[in-house]
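Remember, it's 1-based here, ligands and their atoms both numbered in the order they're listed.
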Amino acid sequence: MNRSVTKAVFPVAGMGTRFLPATKSIPKEILTLVDRPLIQYAIDEARAAGITEFIFVTSRGKSALEDYFDVAPELEMKLEQDGKASLLEVLRSTNMESGQIAYMRQHQPLGLGHAVWCARRLIGDEPFAVILPDDVIAGEVPCLQQMVEAYAETGGNMVAAMEVPQDKVSAYGVLDVAEDKGAVVKVQGMVEKPKPADAPSRLAVIGRYILTPNVLENLGRQRAGAGGEIQLTDAIAEEIIASGDVHGFRFRGQRFDCGSKAGFLQATLSFGLDRPELRDDLLEFIEDVVAARRAAQ
Ligand code: UTP
């Protein structure tokens with residue numbers, strides 16, 4: 001069984017309604033943490049994990065995303081002429097090699113599972129990664145790299161997982177754990193968006209997956225699940241029954257839900273504070289704001 005993972009799917013066809021009105025004309029994935037759009041963090045993470053083929057599932061109104069990965073010769077020339085070597089390096093780090101990146105259109109927003117299924121012909125018959133760019137994960141070793149390393153041992157299907165508070169479980173797919181081996185857990189069930197009382201654990205699935213082509217077959221049956229959408233979680237859960245080969249992976253790192261406004265703002269602050277050139281000013285500003293708010297209470 002092939003355990004090398006070289007293809008990643010980026011489902012970016014969602015409508016991003018939580019960020020309206022911004023997402024009326026800007027794809028959510030182009031929203032920027034400090035100076036890099038969300039999609040750049042996802043691409044960097046995929047590259048670090050050894051991914052060489054990048055498959056975007058897009059939809060109407062996402063052309064800014066496709067443009068973002070084009071080479072910008074005028075801009076490069078200007079920076080070169082002006083001797084701005086470090087900016088030039090930043091710009092070039094976003095270039096993609098011709099043929100490395102493919103775009104597939106999801107014609108109707110039928111759900112995340114459906115978006116992944118749209119990429120089936122580009123994926124073919126090999127394990128593949130799925131990255132949701134609105135889950136941004138900061139860590140010493142990028143999350144997908146940790147997963148690819150663990151996957152070399154486990155094979156099968158793997159989902160990134162993290163403990164969430166009991167009252168938050170209904171926002172996630174939640175794992176029913178058969179065997180807890182520390183970082184890796186063997187899964188015996190998955191429930192999409194359970195009520196807190198019905199949740200089998202507090203271990204929630206977040207937006208990184210390594211999947212076998214069997215999951216694509218399951219998705220092909222096009223069964224609608226929670227919210228009337230074709231759910232990726234359901235297609236992975238079918239594999240628990242079919243092959244028993246589904247693992248959760250507790251990654252090391254901090255995850256920000258940049259699909260929500262609160263998560264996006266937290267990530268902006270955290271990534272800003274990580275930048276040496278911004279840290280001191282930002283910290284001073286935050287301290288002043290907090291002191292002023294406290295004084296006003
Ligand atoms: P979300 O549930 O965050 O939905 O999708 P959304 O449309 O992006 O944002 P809101 O909730 O309206 O604000 C999770 C991931 O699945 C993709 C999204 O692009 C996002 O990466 N997705 C979702 C699709 O590609 N197609 C779909 O039909 C649904």
Side-chain angles (χ1 to χ4, degrees), residues 7-33 37-43 45-46 54-66 68-69 101-120 122-123 128-137 143-144 159-162 164 168-174 190 192-194 204-209 211 215-216 219-220 222-236 255-267:
K7 294 181 180 177
V9 178
F10 301 83
V12 291
M15 291 187 282
T17 53
R18 282 171 288 172
F19 278 95
L20 281 170
T23 43
K24 193 176 160 201
S25 68
I26 307 167
K28 176 170 69 173
E29 299 74 21
I30 290 289
L31 296 178
T32 300
L33 295 177
L38 293 182
I39 197 64
Q40 188 65 52
Y41 290 92
I43 291 281
E45 184 180 327
F54 304 82
I55 303 165
F56 283 78
V57 181
T58 66
S59 59
R60 200 177 318 142
K62 299 275 179 167
S63 53
L65 259 177
E66 301 185 21
Y68 176 77
F69 290 110
I101 190 161
Y103 302 96
M104 178 57 73
R105 199 89 159 193
Q106 185 190 26
H107 294 111
Q108 285 173 282
L110 297 180
L112 171 60
H114 180 260
V116 172
W117 180 76
C118 287
R120 66 199 177 281
L122 294 170
I123 297 164
F128 60 99
V130 176
I131 295 188
L132 305 190
D134 45 13
D135 272 335
V136 175
I137 303 168
C143 179
L144 191 64
V159 300
M162 65 180 235
V164 297
K168 296 277 190 314
V169 285
S170 48
Y172 297 91
V174 177
M190 286 168 89
E192 186 61 38
K193 303 189 169 54
V205 177
I206 62 113
R208 303 288 183 275
Y209 309 79
L211 303 174
V215 172
L216 297 174
L219 286 170
Q222 311 261 341
R223 291 200 194 102
E229 295 195 336
I230 298 174
Q231 297 285 356
L232 186 58
T233 315
D234 294 344
I236 301 170
R255 172 257 189 181
F256 296 95
D257 174 12
C258 291
S260 78
K261 281 177 250 195
F264 189 89
L265 289 171
Q266 286 159 13

Legend entry - Protein contact to atom 21 (O) of ligand 1 [nearest heavy atom, distance to 0.1 Å]: Pro11 O, 2.7 Å
Inset, instruction - Please examine the side chains of Ile206 and Ile137, heavy atoms only from C-beta on, and report whether any two atoms are closer than 4.5 Å. - result: yes
Inset, instruction - Heavy-atom contacts with Ala115 under 4.0 Å: which atoms of ligand 1 show up? List them by number with element. - result: 24 (C), 25 (O), 26 (N)
Legend entry - Nearest non-hydrogen protein atom, atom 7 (O) of ligand 1: Met15 N, 2.7 Å
Inset, instruction - For the residue pair Phe56 and Phe10, categorise the inter-ring angle as parallel (less than 30°), tilted (30 to 60°) or perpendicular (more than 60°). - result: parallel
Inset, instruction - Using a strict 4.0 Å cut-off to heavy atoms of Gln106, name the atoms of ligand 1 that fall inside it. - result: 24 (C), 25 (O), 26 (N), 27 (C), 28 (O)
Legend entry - Partners meeting side-chain contact (heavy atoms from CB on, under 4.5 Å) with Arg105 (sequence neighbours left out): Thr58, Arg60, His107
Legend entry - Numbered atoms and elements of ligand 1 in range of Lys28, under 4.0 angstrom, heavy atoms: 3 (O), 6 (P), 8 (O), 9 (O)
Inset, instruction - Please report which non-hydrogen protein atom sits nearest to atom 12 (O) of ligand 1, along with the residue it belongs to and the distance in Å to one decimal place. - result: Thr17 OG1, 2.5 Å
Legend entry - Closest contact, heavy atoms only, Ser59 versus Gln106: CB-O, 3.9 Å
Legend entry - Test item: Phe256 and Leu33 side chains (from C-beta on) under 4.5 Å apart, heavy atoms: no
Legend entry - Among Ile131, Asp134, Leu112, Val116, closest by any non-hydrogen atom to atom 16 (O) of ligand 1: Leu112
Legend entry - Heavy-atom protein contact below 4.0 Å for atom 5 (O) of ligand 1: no
Legend entry - Those atoms of ligand 1 less than 4.0 Å from some heavy atom in Gly111: 26 (N), 27 (C), 28 (O), 29 (C)
Inset, instruction - Report the member of Glu229, Gln108, Arg18 with the shortest heavy-atom distance to atom 2 (O) of ligand 1. - result: Arg18
Legend entry - Residue pair Leu216 / Phe128, side-chain heavy-atom distance below 4.5 Å: yes
Inset, instruction - Could you tell me the residue and atom name of the protein heavy atom closest to atom 25 (O) of ligand 1, and the distance to it rounded to 0.1 Å? - result: Ala13 N, 3.0 Å
Legend entry - Phe69 ring center near Phe54 ring center (under 6.0 Å): no
Inset, instruction - Consider ligand 1: state whether an atom of it lies below 4.0 angstrom from any non-hydrogen atom of Gly16. - result: yes
Inset, instruction - Mind checking whether Thr23 contacts ligand 1 via backbone (N, CA, C, O), side chain (CB onward), both or neither, at a 4.0 Å heavy-atom cut-off? - result: neither
Legend entry - Residues, nucleotides or ligands: over 12 heavy atoms within 6.0 Å of Met15 CE: no
Inset, instruction - Determine whether Ile236 and Val205 make a side-chain contact, defined as any pair of heavy atoms from C-beta on separated by less than 4.5 Å. - result: no
Legend entry - ligand 1 contact on Val12 by region, counting heavy-atom pairs under 4.0 Å: backbone
Legend entry - ligand 1-proximal atoms of Pro109, by part, heavy-atom distance under 4.0 Å: both
Legend entry - Any Leu219 side-chain heavy atom under 4.5 Å of Arg120 side chain: no
Legend entry - Proximity flag His114 to ligand 1, non-hydrogen atoms under 4.0 Å: no
Inset, instruction - Would you mind reporting whether Leu132 and Leu112 have side-chain heavy atoms less than 4.5 Å apart? - result: yes
Legend entry - atom 18 (C) of ligand 1 - nearest protein heavy atom and its distance: Gly14 N, 3.6 Å
